[in-house]
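Inspection log for the structure reproduced underneath, given as structure tokens.
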Amino acid sequence: MELPAVNLKAILLVHWLLTTWGCIVFQGPYAWTNFPILALGVWAMAQRDSVDAISMFLGGLVATIFLDVIYIGIFYPRSNLSDTVRFSAGMAILNLILKPISCFFVYHMYRERGGELLVHVGFLGPSEERSSYQPIDSSEVPADPESKAHVTRGY
């Protein structure tokens, strides 16, 4: 299945606009968590080949999903719901709904830039990856083609 081409600029513009409208009601922590993550998105847009920039933006988007749920749940006004308050709360909720979709597209941008899979499927099972680690008490001689003779010294 081919993904539609979504530009990082479009993702940033939509989330910036919705965050700005959401800040009419949810000031303080909502703005302090969302705007720095959008700044990471600007960094990811400026450095098109940087895996670090896009991965930090992706991680920030995932973190703000959980934080937005908490902020909207705590600071949602229970009374005095004017049209402005309803509009602002609706934009904050729409921003929250669109973030998992944005995470999906940003993750594919991360993979296009050369990022590795973040979740390893067999993380609970034995590792198939072999390293060059060799225990000290090993009686095996390392296979080093440059060393002609292996000399064992006692201490």
Enclosure of [X] [atom1] (heavy-atom neighbours >12, cutoff 6.0 Å):
X     : atom1 : result
Trp16 : CH2   : no
Arg86 : CZ    : yes
Met56 : CE    : no

Closest contact, heavy atoms only, Ile65 versus Cys103: CD1-SG, 4.0 Å
Nearest heavy atoms of Ala31 and Pro36, plus distance in Å: O-CD, 3.8 Å
Has [X] got a side-chain atom pairing as donor or acceptor with [Y]'s backbone, closer than 3.5 angstrom?
X      : Y     : answer
Arg113 : Val51 : no
Thr33  : Tyr30 : yes
Thr64  : Leu67 : no
Arg78  : Tyr76 : yes

Examine the side chains of Asn34 and Asn95 and answer whether a donor and an acceptor come within less than 3.5 Å of each other. no
CA sep, side-chain torsions, deciding dist, call: Val69, Phe66, side chain to side chain contact (heavy atoms under 4.5 Å, CB included): CA-CA 5 Å; Val69 168; Phe66 299 112; 5.9 Å; no
Apply side chain to side chain contact (heavy atoms under 4.5 Å, CB included) to residues Phe57 and Leu8 and explain how you reach the verdict. CA-CA 11 Å; Phe57 179 54; Leu8 188 57; 3.8 Å; yes
Give, for atom [atom1] of [X] and atom [atom2] of [Y], the distance between the pair rounded to the nearest 0.5 Å.
X      : Y      : atom1 : atom2 : result
His15  : Thr20  : NE2   : OG1   : 12.5 Å
Ile54  : His108 : CD1   : NE2   : 12.5 Å
Met109 : Leu58  : CE    : CG    : 10.5 Å
Leu61  : Ile11  : CG    : CD1   : 8.0 Å
Ile37  : Leu12  : CD1   : CG    : 11.5 Å
Leu81  : Ser88  : CG    : OG    : 11.5 Å

Quick one, Val85 with Ser82, criterion side chain to side chain contact (heavy atoms under 4.5 Å, CB included). Give me CA distance, side-chain angles, the key distance, then yes/no. CA-CA 5 Å; Val85 171; Ser82 66; 3.5 Å; yes
List in chain and number order the residues that pass ring-ring contact (aromatic ring centres under 6.0 Å, His included) with Tyr71, two or more places apart in sequence or in another chain; answer none if no residue qualifies. none
Before we go on, tell me: are the rings of Trp21 and Phe87 under 6.0 Å apart, centre to centre? yes
Assigning hydrophobic clusters by single linkage (Ile, Leu, Val, Met, Phe, Trp, Tyr; side-chain heavy-atom cutoff under 4.5 Å), is Ile74 placed with Leu96? yes
Under a 4.0 Å threshold between the charged nitrogen and the carboxylate oxygen, would Lys99 count as salt-bridged to Asp68? yes
